[in-house]
Every structure is written in C-alpha cells, then in structure tokens.
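Just so we're clear, the structure is a prediction, and the values are computed from it rather than from any experiment.
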Amino acid sequence: MPDSRPPVDPSARPAVRALAASLIREVANEGMGDPDVLPFWFGEPDEVTPDFIREAAAASLARGETFYTQNFGIPPLRAAIARYVSGLHRPTAEASIAVTASGMSALMLVVEALVAPGDRVVAVTPLWPNLTEIPKILSADVECVPLACDRGEWRLDLDRLLAALTPGTRLLLVNSPNNPTGWTLTREEQAAILERCRRHGIWLVADDVYERLYYREDVAAAPSFLHLAQPEERVVSTNSFSKSWLMTGWRLGWIVAPAALMPDLGKLIEYNTSCSPAFVQHAGSVAITQGEPTVTRTRTRFRRARDYLVAALAQLPGIEVAAPAGAMYAFFRVDGLADSFAFCKRLVREAHLGLAPGRAFGPEGEGFVRWCFASDEARLAEGVARLAGFMK
C-alpha cells in the first residue's frame with residue numbers, strides 16, 4: 001500500500017538555510033593541508049602559544065582537572081580578568097565577568113541573550129562575517145552602515161551611523177580595531193555613539209578582541225566603550241585570548257556585562273557549552289596574569305610586520321593600501337578586481353598563496369583582499385613575491 005504521508009523536509013529552518021557561508025573558509029578549503037600553500041587567510045599568528053601558558057595547562061591536566069567547572073568560569077580566572085579589565089579601562093567586579101569557550105561563543109551568547117526574531121540590529125561594515133550572520137540565526141534583521149575608504153584608509157561617517165541608531169533599534173555591533181580594515185574608533189566618536197544608544201535604549205555590543213593590537217606608541221590599548229560607560233549601562237564587551245596571547249586554538253574568551261544580565265547569561269552558557277575546560281582556563285589565568293610581556297612583544301612584532309607588508313604591497317602596480325591603525329590585517333584594493341572570491345581561489349590554485357576575499361566582509365569589501373600579517377618577514381616576503389608573479 002503506498003505511503004500517503006507528505007514528504008518530510010530534512011533541512012534546517014529557513015533562517016539557518018539563508019545564512020551566508022564563510023567565503024574565507026571556502027577559500028581555505030581549497031588549500032588547507034597543502035604544504036606548498038602559504039596561508040594568510042585566517043586571523044591567526046604564526047607562533048605557537050608560549051611555553052609558560054602551555055605548561056600551566058599541562059600542570060592542570062597532570063593534577064587530574066578534567067571535570068566540569070562553574071558556568072561563569074573558575075574563580076581564579078574570573079578574578080584575574082576583572083583585575084586586568086580594571087587596570088586597562090575601569091573598575092570591574094568579578095561578578096560582571098563570564099568566561100566563555102572562545103570569543104566567538106561570547107558574541108553568540110550575548111546576541112542570544114539580547115536579540116529576538118524581527119529585532120533590528122545595526123553593524124558597522126566591512127566586518128568579520130560571523131558578526132553580521134549571528135543575529136540572523138536569531139531571525140533578526142541586520143542593517144549595515146558602511147565605512148568609507150579613501151586611498152586605502154577607512155573612516156566612519158559618524159552622522160550616518162547616528163542616523164541609523166533609531167528608537168526601534170535593539171542592538172549595535174561594533175568591532176574596533178576592526179577586522180578586516182584595522183579602522184579604530186576615536187574616543188570622541190565613541191562618546192557620540194554611546195550617547196545616542198543611551199537616548200534610545202539601544203544595547204551596544206563591542207567586539208574588543210583586537211584592543212591590545214593597536215599601534216599607537218603611547219597607549220596600552222585602543223579606546224574602549226568600557227572607559228566611558230557605567231557598569232550597569234546597556235554596554236557589553238566581548239574579548240578573547242586568541243590574538244594577543246597567541247591562543248587561537250584554545251578557544252577561550254570572556255564577557256564583561258551589566259550585573260543584571262549575568263543570571264540569564266549563565267543559563268545560556270549552561271545550555272550552550274556548560275563551561276570551558278578547566279585546564280584551558282588555568283592556562284588563561286596564567287596568560288592574563290603573567291603574559292603582559294607576551295602582549296607587548298606580539299604588538300611590537302606585528303607593528304613591524306604591518307609596516308613591512310604595507311610598504312611591500314605599495315610597490316606593486318595596481319594595489320592601493322594604507323597602514324591600519326590596529327588589528328592584524330592589510331586590507332588592500334586591487335585595481336579592476338570585480339570578484340575577489342574567484343581571485344583568491346585562483347591565488348591558492350595557481351600561486352599557492354592563501355588570502356581572504358574582501359567580499360567575505362560585506363559588499364563594501366568587494367575589490368579588496370585581506371592579508372593577515374601576523375607572521376615573520378621571510379614568509380611575508382615570499383607571499384608578496386608570489387602575489388607579484390601572479391598579478392603579472
């Protein structure tokens with residue numbers, strides 16, 4: 001007897017199916033595992049995590065610390081992060097810190113806590129695609145406010161952003177220093193943005209992962225909304241151990257949030273990851289309490305790499321580039337480039353060079369290519385030579 005039941009669709013819900021796949025990952029899939037490819041596509045330093053951090057994790061494992069921990073993180077790490085944030089920005093209580101299984105998880109958790117289907121979210125772009133896609137998982141609407149580029153330098157049209165922050169806006173997403181452009185907000189711009197968010201009750205979520213990779217000589221970190229906002233305001237900072245402490249594979253991050261939001265964040269951590277591994281957290285505690293020399297060395301090394309790569313790229317015909325204020329990327333324009341995705345896939349196949357397509361970061365990035373310069377000069381020089389040969 002024929003089955004009269006209607007066919008069952010085994011696919012995901014429409015909002016998930018509509019998500020854009022990461023073009024960065026698609027390019028990387030062309031060449032990951034090929035030893036002949038020079039990879040600069042991901043935002044990842046080329047050095048392994050320092051010994052003293054790895055040894056702390058090994059010691060934790062040797063002690064048998066392989067069990068569940070508190071949702072918000074082990075007390076020594078929460079206390080260490082609170083001291084770190086207090087020294088860098090403003091007095092911050094341990095009770096306002098949530099440890100997360102990566103900076104990516106921190107962003108996802110915060111958006112899950114704050115955004116509902118149909119909510120309006122504003123984001124400043126070009127931007128790491130994960131940030132613009134996260135609200136869409138929650139069926140929110142994302143409006144992008146583009147940066148402007150003049151001879152390789154990116155700047156914010158502040159009036160345009162303020163006009164987009166209407167009373168119906170639920171949340172503003174800002175990444176500064178910015179991935180991919182390196183653009184960094186000024187303290188004056190932050191004050192104007194915070195005032196508009198206060199006026200309309202808009203949540204402000206700052207992705208601060210690159211705050212220590214800021215290349216002014218006279219400051220320890222990029223300007224932060226935490227410096228301006230009161231602890232109980234609608235301002236949330238997310239951060240990660242990945243970049244400044246060379247811990248990309250460890251997947252450890254944190255959230256600074258108003259105390260009133262913390263109980264609900266705790267529920268979401270429980271229902272997402274429950275907790276971060278104990279041995280990873282012990283490594284993070286040592287990193288943030290003893291790792292300031294690592295951060296200083298990393299920033300100095302990346303500044304030199306930035307200056308070298310930008311100067312080398314500027315010598316190539318058809319390329320427009322400027323030194324970014326922060327982060328770890330050169331985001332450069334290629335004359336006549338209409339399809340950066342196809343260009344980067346060809347680069348992998350024909351030149352064995354792995355870069356990220358500008359279109360991955362939004363339509364404003366088309367015609368551009370992102371190069372992660374967190375590498376030694378010899379590798380950067382070889383990469384430039386391969387690009388030059390390909391473009392000829």
Side-chain angles (χ1 to χ4, degrees), residues 18-24 43 107 111 115 119-136 140-166 168-186 188-197 200 202-210 222-223 225 319-341 343-344 355-371:
L19 294 173
S22 170
L23 298 184
I24 308 168
L107 289 161
V111 175
V115 170
D119 278 349
R120 181 172 182 269
V121 174
V122 173
V124 179
T125 55
L127 186 60
W128 184 45
N130 296 40
L131 273 173
T132 52
E133 296 303 300
I134 285 173
K136 298 175 187 176
D141 298 319
V142 179
E143 178 178 331
C144 296
V145 176
L147 299 169
C149 185
D150 181 22
R151 293 187 292 275
E153 294 189 10
W154 295 82
R155 61 175 180 79
L156 174 68
D157 184 337
L158 181 60
D159 290 338
R160 183 171 180 175
L161 176 58
L162 296 179
L165 298 176
T166 60
T169 304
R170 176 63 174 169
L171 185 145
L172 169 65
L173 280 169
V174 180
N175 170 223
S176 168
N178 170 260
N179 173 10
T181 66
W183 157 79
T184 304
L185 279 165
T186 66
E188 293 73 22
E189 289 170 332
Q190 287 182 332
I193 292 166
L194 179 58
E195 180 54 37
R196 183 60 57 95
C197 289
H200 297 317
I202 299 168
W203 281 91
L204 199 164
V205 177
D207 177 4
D208 290 329
V209 64
Y210 298 104
F225 286 103
I319 285 183
E320 180 181 84
V321 64
M328 52 201 290
Y329 312 101
F331 199 55
F332 58 94
R333 189 198 304 271
V334 179
D335 284 353
L337 182 58
D339 189 340
S340 57
F341 179 55
F343 177 83
C344 287
L355 304 180
R359 180 153 55 94
F361 305 93
E364 305 85 7
E366 187 55 278
F368 288 79
V369 176
R370 191 194 74 174
W371 186 318

[X] to [Y] - nearest heavy-atom pair and separation:
X	Y	result
A222	P177	CB-CD, 3.6 Å
G43	M328	C-CE, 3.9 Å
A322	E153	CB-CG, 3.5 Å
G182	P324	CA-CB, 3.7 Å
A163	R196	N-NH1, 4.2 Å
T132	V142	O-CG2, 3.6 Å

Just verifying a value: how many Å separate [X] [atom1] and [Y] [atom2], rounded to the nearest 0.5 Å?
X	Y	atom1	atom2	result
R370	S340	CZ	OG	12.0 Å
E133	S22	CD	OG	9.5 Å
C149	W183	SG	CH2	13.5 Å
D335	I319	CG	CD1	8.5 Å
W203	R170	CH2	CZ	7.0 Å
E320	D150	CD	CG	8.0 Å

Please examine the side chains of [Y] and [X], heavy atoms only from C-beta on, and report whether any two atoms are closer than 4.5 Å.
X	Y	answer
F225	L185	yes
T186	P223	no
N178	W154	no
P129	L23	no
L147	T181	yes
L172	L161	yes
V111	V205	no
R359	D339	yes

Inset, instruction - Check the angle between the aromatic planes of F368 and F331 and answer parallel, tilted or perpendicular using the 30° and 60° thresholds. - result: parallel
Inset, instruction - Test side-chain contact (heavy atoms from CB on, under 4.5 Å) on D157 and V145 and set out the steps. - result: CA-CA 9 Å; D157 184 337; V145 176; 6.0 Å; no
Inset, instruction - Please check if the side chain of N175 supplies one atom and the backbone of D207 the other of a donor-acceptor pair under 3.5 Å. - result: yes
Inset, instruction - Let me know which of L165, I202, T169, L171 forms a side chain to side chain contact (heavy atoms under 4.5 Å, CB included) with R120. - result: T169
Inset, instruction - Evaluate the side-chain contact (heavy atoms from CB on, under 4.5 Å) criterion for residues L107 and W128: first the C-alpha distance (whole Å), next the side-chain angles of each, then the deciding distance (0.1 Å), finally the verdict. - result: CA-CA 12 Å; L107 289 161; W128 184 45; 3.9 Å; yes
Inset, instruction - Measure from the ring center of Y329 to the ring center of F361 and say whether it is less than 6.0 Å. - result: no
Legend entry - Audit row: L337, V369, side-chain contact (heavy atoms from CB on, under 4.5 Å) steps and yes/no: CA-CA 10 Å; L337 182 58; V369 176; 4.0 Å; yes
